[in-house]
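Here the structure is laid out as structure tokens; the discussion comes afterwards.
Numbers here simply count residues along the sequence, with the first being 1.
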Amino acid sequence: SHGPSPAPPQPQPQPQAEPSRGARATGRMKRRSDAAPSPERTTSKPMIEDPLLNQLYLAVRRSIRKRYLQALALLAGGLLALVWLPSRQGLRGSPTAAAVDVGSLLAGALNASSAPFTQEAAAAINGQLQGLTADEVLRWVAQALPGRVVQFSSFGPTGLVILDRLDKLQLLSHIPVVTIDTLHLFQETHELVRNISRHYPEMKLHTYYPDGFTEGQTFKFDVLHGDDLWTHDFQQYSYLTKVEPTLRALKELDPAAWITGRRRSQGGERQSLPIVEVDSGRLKINPLADWTRDQVWDYIHSHGLSYNPLHDRGYSSIGDSMNTRPVEKGESERDGRFMYSGTNRTTECGMHTHAAKMEAFKREAEAKHEPMKVPQLPCTNCVDVTPDTFDTLVMRASRNFVIEFYSPICGHCRAFAPEYDKVAHRLEQEGVPAFRMDVFSHTIPRAGKDAGFELSAYPTIFFAHVDPTAPPLGAHRLSVTRYEGPKEAQPLLDWLGEKLGRALGDLAAAAGPSGEDRP
């Protein structure tokens, strides 16, 4: 028969001697050299489209092993791409394409490390986002930093427009919304938040309250801190109700970027507001920065959006119930905000002031693993006061004096520093000491606060009349008066002359032709 041929006998394996270490290594090297190249290495898309920049990026990455240095290299590559790629690839006429490409590089840097953004990075991004619509800006940040973006909103008109655009762009479920409840909001604001939550079921709302409190605990807050805290220590009130909850939200949610509803047309410090800022190492996105008030309200009405009914009663910007009022004809949008006792007023809440800047300095120092470097404001004729010398120089002073409380990271303080030095020089001739205390590095002792040195803004200047007949640290030894005038040398000198009971002269007249003081 013609059945299948039997299979040939298989040779039996012969025992072999264990190869030496060198032979094993040689075999491994041979197998690696014979192996086909990895598909990932031959087909993966380059990180950067430009061949030359891509080779530069790969070379840097191969030479850097630590993750935080890789992030810095990526960020540097992204900044280089902002300047070089548009000119090489013709992207200057297509801001959308450039923004998306840069966004992917920045996202890669963030994924590799928690290294903060810099002012230079924000400036470069602003250059590429120039001319983009609000929708394009929102798409860009959502694509560039997926899962690392939040919106901060008090549900004012601009915030409502942004919320609706995020919903229309199907981004609302991916970008959480954070709101700060100060425990002192209008009832109409609470009702609006409930309506908005029903209208946008995909909205992921995170409400933050002052630390240790929760919804409806206004009475508890007022009992603990005083129901008039906002009238005599507005800075502390702002910190407790706005700054600290905001910093806590940023720490817990850890976004790389947060969206705000601020606009240039709101006036004040916002007139030069960019689309992208850096705050504590994070990007702060202002997609409607160039919108006008009329544009915002046209959108709200044409799209049938719910809004706070207080706007129909003359309130253009709405905050806490006890320090917000309707605006008068001719006033800017935010002139009705943040009223407190005294003639001093501010149009920026604590969220965007000194405490936030302090936190930014701390975060930057921590990210660089370096000691915090506090800038210096020189004053040749001033006497610097610290908590260690406060009792001797201030509380036990034997003669009248003037004292300034300042922060070296405060722009107004930096601008006023040379003016105060001029005043200090003139007062020295009168035998009146000019003190100053850095409140960034130091805290006013309790005895100083009890004596009347309470701060509501920076810089703050006081004149202290000393009664040498009163006992040291006595309740009536110091009579403290706050200066409320312009932060300029001559007006301050005129005010001090009134307090001292003698004219202190004209600073301009006391200077020679070249600006030098006369002998």
(request) Any chance you could lay out the side-chain contact (heavy atoms from CB on, under 4.5 Å) test for V439 and Y458, step after step, and finish with the verdict? (result) CA-CA 9 Å; V439 293; Y458 303 109; 3.2 Å; yes
(request) Give the C-alpha distance, both sets of side-chain angles, the deciding distance and a yes or no for side-chain contact (heavy atoms from CB on, under 4.5 Å) between L163 and F155. (result) CA-CA 9 Å; L163 195 66; F155 298 98; 4.2 Å; yes
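- Annotation: the span from E419 atom CD to L492 atom CG amounts to 9.5 Å, rounded to 0.5 Å.
- One distance of note links CG of D222 with CE of M322; it measures 7.5 Å at 0.5 Å rounding.
- Under 4.0 Å is where a charged nitrogen must lie from a carboxylate oxygen, and between R264 and D290 no such pair does.
- Minimum interatomic distance between A424 and N381 (heavy atoms only, all atoms of both residues): CB-O, 3.6 Å.
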(message) Determine whether S306 and N195 satisfy the following criterion, side-chain hydrogen bond (donor to acceptor under 3.5 Å, both in side chains), listing intermediate values before the conclusion.
(response) CA-CA 8 Å; S306 297; N195 291 337; 5.4 Å; no
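- Rounding to the nearest 0.5 Å gives a distance of 9.0 Å between CD of E277 and CD1 of I285.
- Here the OG atom belonging to S407 is positioned 8.5 Å from the CZ atom belonging to R414, to the nearest 0.5 angstrom.
- Using a distance-only test at 3.5 Å, with no hydrogens or angles considered, a donor-acceptor pair links the side chain of R477 to the main chain of A397.
- Counting heavy atoms from C-beta on, the side chains of D320 and L185 come closer than 4.5 Å.
- Looking at F186 and Y315, their side chains come closer than 4.5 Å, going by heavy atoms from C-beta outward.
- Judged by distance alone, with hydrogens and angles left aside, the side-chain atoms of R248 form a donor-acceptor pair with the main-chain N or O of Y209 at under 3.5 Å.
- Q490 contributes a side-chain N or O that, together with a main-chain N or O of G505, makes up a donor-acceptor pair within less than 3.5 Å.
- Annotation: side chain of L427 is not in contact with side chain of P433 (no heavy-atom distance under 4.5 Å).
- The two residues P255 and L250 make their nearest non-hydrogen contact at CD-O, 3.5 Å.
- Between the NE2 atom in H184 and the OG1 atom in T324 there is a gap of 12.0 Å [rounded to 0.5 Å].
- Summarising the geometry of G212 relative to K220, their closest heavy-atom pair is O-NZ, 3.6 Å, with the distance given to 0.1 Å.
- One N or O on the side chain of N126 and one on the backbone of A122 form a donor-acceptor pair closer than 3.5 Å.
- Across L240 and P245, no two heavy atoms sit closer than the pair O-CD, 3.5 Å.
- Taking the six-membered ring for Trp and thresholds of 30 and 60 degrees, F462 and F453 have ring planes more than 60 degrees apart, a perpendicular arrangement.
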(request) Determine, stepwise, if the pair R263 / N286 fulfils side-chain contact (heavy atoms from CB on, under 4.5 Å). (result) CA-CA 7 Å; R263 293 180 284 109; N286 308 303; over 6 Å; no
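- When all heavy atoms of E188 and P309 are compared, the closest pair comes out as CG-CG, 3.9 Å.
- Residues passing the ring pair (Phe, Tyr, Trp, His ring centres under 6.0 Å) test with F213 are F221, sequence neighbours excluded.
- Using a 4.5 Å heavy-atom threshold, the side chains of H311 and W297 count as touching.
- Nearest heavy atom pair, residue A249 against residue V178, reads CB-CG1, 4.0 Å.
- Note: E430 CD to R426 CZ = 4.0 Å, rounded to the nearest 0.5 Å.
- Counting heavy atoms from C-beta on, the side chains of T380 and H425 never come closer than 4.5 Å.
- Between the side chain of T389 and the backbone N or O of T386, at least one donor-acceptor pair lies under 3.5 Å.
- The shortest distance between side-chain heavy atoms of P210 and E244 does not fall below 4.5 Å.
- The closest donor-acceptor contact from the side chain of R482 to the backbone of E454 lies under 3.5 Å.
- A donor atom on one side chain and an acceptor atom on the other are found under 3.5 Å apart for E252 and Y208.
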(request) Could you walk me through whether D312 and Y307 pass the side-chain contact (heavy atoms from CB on, under 4.5 Å) test, one step at a time? (result) CA-CA 10 Å; D312 295 332; Y307 61 88; 3.1 Å; yes
Table please: side-chain donor-acceptor pairs of residues 399-406 below 3.5 Å, with sequence neighbours left out.
residue: R399; atom: NH1; partner: G431; partner atom: O; Å: 3.1
residue: N400; atom: OD1; partner: H465; partner atom: ND1; Å: 3.4
residue: N400; atom: OD1; partner: V466; partner atom: N; Å: 2.8

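- Side-chain atoms of T218 come within 3.5 Å of backbone N or O of L183 as a donor-acceptor pair.
- Side chains of P459 and C413 form a contact here, defined as non-hydrogen atoms less than 4.5 Å apart.
- By the 4.5 Å heavy-atom criterion applied to side chains, L283 and I125 are counted as neighbours.
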